[in-house]
Amino acid sequence: MKKTYKYFKKLMAFILIISLFIQADCTARAAEQILTEGNFQYRIINHSGTAGEVEICGYLGNESEISIPETLGGYNVVSLASLEGKMKSFKKVTLGKNIKTVNSRLELSNISGEDNKIEIESYDVVSENQYFSVKDGVLFDKKQLTLFNYPRGKKTTSYIEPSTVTKSYGISENSYLKNLTLSANEKYTMVEDYGYRNSNLEEITLPQNIKIIGEFSFSQCKKLKKINWSKQLERIYNSAFEGCTSLEKVAIPNSVISIGNAAFRNCNLSSVKLSNSLQVISALAFSKNTKIKKVKIPDSVIKMHKDSFNRSKTKLIMPSYLKKQYKNNGKKYNTYIAKATLTANHKTKDYRAEYIKTIKAKKRKVVLKRGTTQKLNTKAYIYNKNTKFKKRGILKTNILKFASSNKKVVKVTSKGKIKALRKGRATITVTLRTTKQSYKVKIRVK
């Protein structure tokens, strides 16, 4: 009897929990119910007695200039999610005083699942609204720190984002704008993902504050011909310029350290100059650009996917220390990795060049007689902070660069062999090609 009672209690508790889930689900579904008042469709998004809130999700009227009401169904209208309906073009949309949020992709929203894009030519906002402001028909937050919506139907051919802007959701799919300059605010460092894609931009200017170009930021801008680069740019993310089929030449600024997957895939490039600080070139970065005949891979590159370029069409001039990274079976590879060859205790082995922590001269000062030669040896310290692996040894010269301060006194070969030519002094600078780390050796010829 006691077991039956315990079982009954557990069963009732289970049923209660299930009923609560069902009730919560029903409440959620009720909240999603589409309601209509006048020409606006809306749904309740916050039940809190008389202070409930709604968002607009459709417009059934045929007026080209509309004002978003303060209330619908006795609730404050706080959000503008969509204006789906029979109207495809609006001359002006004015936000009411209670609006707190506007869908940043309002003109691209597609709640119905059909191709139902709209065009807005200009935004406006009532002065009582505490959250938004408008300048030249463009929607910003109240302090104009964030650019929320650049109208898809705005018929301006040139636009400079205000210098107050620290974040911009972009100008996606505007067919009128040709020339764009992003905000020069020092706090605005990253171009938003998808921000300017599928637009008719022909020229873009990235001020010096821009350090990152987000994923798909300018993808499918098929008329883009010219990019004025930020000299502080560090990273170009996946597919940033994919499908920009009018882009014929790119010279990546020397500040860039990584280029993401398919970043320039399927453009129309015939000329590519890479950054001399570039470390990583990801898969398909420049694929489907069959007009590129030759590319020099910078010394700084430590990792490059084998399919970064069209190998059948493009000749790659690569440093000798970029070596194929084979998979476990030793037969297939998909990347090139910069390898440093180290000799220690009469054994020679390759290590990833990125693990070289320091390089030093075996001898800091060398004295030679005129006409004699000597090879410089470089000590390297390998350290993998993830595995705590450590190794010291003599570094192979193919990953080093040698330069003499006085070639009339001492000359040096690419393999680190020095020859004394006449009496005097000179300094040999030895540089690690991947990171530009260096040391100096003082030479005296007697």
Side-chain angles (χ1 to χ4, degrees), residues 16 18-135 137-154 169 172-173:
L16 178 60
I18 294 297
S19 65
L20 289 173
F21 275 115
I22 293 172
Q23 183 179 358
D25 183 63
C26 290
T27 302
R29 290 178 183 273
E32 289 294 316
Q33 183 181 0
I34 304 299
L35 305 170
T36 303
E37 182 176 307
N39 289 325
F40 290 98
Q41 291 183 310
Y42 66 98
R43 56 191 166 201
I44 300 172
I45 58 174
N46 180 15
H47 289 272
S48 56
T50 57
E53 297 175 332
V54 300
E55 71 175 3
I56 290 176
C57 54
Y59 177 71
L60 305 177
N62 55 13
E63 296 176 0
S64 63
E65 295 191 19
I66 64 172
S67 296
I68 305 303
E70 294 180 13
T71 62
L72 285 171
Y75 296 99
N76 285 340
V77 178
V78 298
S79 176
L80 178 56
S82 174
L83 288 173
E84 278 192 38
K86 53 189 176 182
M87 288 293 291
K88 301 299 181 184
S89 178
F90 294 90
K91 188 173 182 180
K92 183 164 66 173
V93 174
T94 301
L95 305 185
K97 74 172 187 177
N98 295 324
I99 290 290
K100 299 177 183 178
T101 62
V102 176
N103 183 358
S104 63
R105 297 177 66 81
L106 176 66
E107 296 167 78
L108 307 177
S109 63
N110 201 355
I111 295 174
S112 64
E114 301 174 358
D115 185 10
N116 199 23
K117 295 177 182 178
I118 64 170
E119 278 193 5
I120 297 173
E121 189 173 331
S122 176
Y123 286 96
D124 200 357
V125 60
V126 298
S127 58
E128 295 88 353
N129 188 289
Q130 300 178 19
Y131 303 96
F132 292 100
S133 64
V134 169
K135 184 177 181 180
V138 181
L139 186 65
F140 300 87
D141 70 332
K142 198 67 174 178
K143 294 182 178 180
Q144 295 191 3
L145 300 177
T146 301
L147 191 160
F148 281 108
N149 292 60
Y150 184 96
R152 187 166 170 254
K154 185 175 172 65
Y169 285 99
S172 189
E173 298 196 22

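Rounding to the nearest 0.5 angstrom, the gap separating the CD atom in Glu53 from the CD atom in Glu55 is 10.5 Å. Taken from CG in Leu139 to CG in Leu147, the straight-line distance is 8.0 Å, to the nearest 0.5 Å. The distance from atom CD of Gln41 to atom OH of Tyr59, rounded to the nearest 0.5 Å, is 12.0 Å.
Using a 4.0 Å cut-off between a side-chain N of Lys or Arg and a carboxylate O of Asp or Glu, Glu107 and Lys117 do not qualify as a salt bridge.
Using a 4.5 Å heavy-atom cutoff, the side chains of Gln130 and Lys100 are not in contact. Under the 4.5 Å side-chain criterion, counting only non-hydrogen atoms from C-beta, Ile68 is in contact with Phe40. Phe90 places a side-chain heavy atom less than 4.5 Å from the side chain of Ile66. Looking only at side-chain heavy atoms (C-beta outward), Tyr123 and Asn149 come within less than 4.5 Å of each other. At least one side-chain heavy atom of Val78 sits less than 4.5 Å from a side-chain heavy atom of Ile45. Val77 has its side chain out of reach of Leu80: every pair of non-hydrogen atoms, C-beta onward, lies at least 4.5 Å apart.
Closest heavy-atom contact between Pro151 and Gly137: CG-O, 3.2 Å. Scanning both residues, Ile118 and Arg152, for their nearest heavy atoms gives O-NH1, 2.8 Å. Shown here for Cys57 and Ile34, the closest heavy-atom pair between the two residues is SG-CD1, 3.5 Å. The minimum heavy-atom distance linking Met87 with Glu63 is given by the pair CE-O, 3.6 Å. Ser127 approaches Lys142 most closely through the heavy-atom pair O-NZ, 3.8 Å.
The backbone N or O of Thr94 sits nowhere less than 3.5 Å from a side-chain atom of Asp124 that would complete a donor-acceptor pair. The backbone N or O of Gly52 lies less than 3.5 Å from no partner atom in the side chain of Asn76, so there is not a single donor-acceptor pair.
Checked against ring-ring contact (aromatic ring centres under 6.0 Å, His included), Phe132 has the following partners two or more places apart in sequence or in another chain: Phe148.
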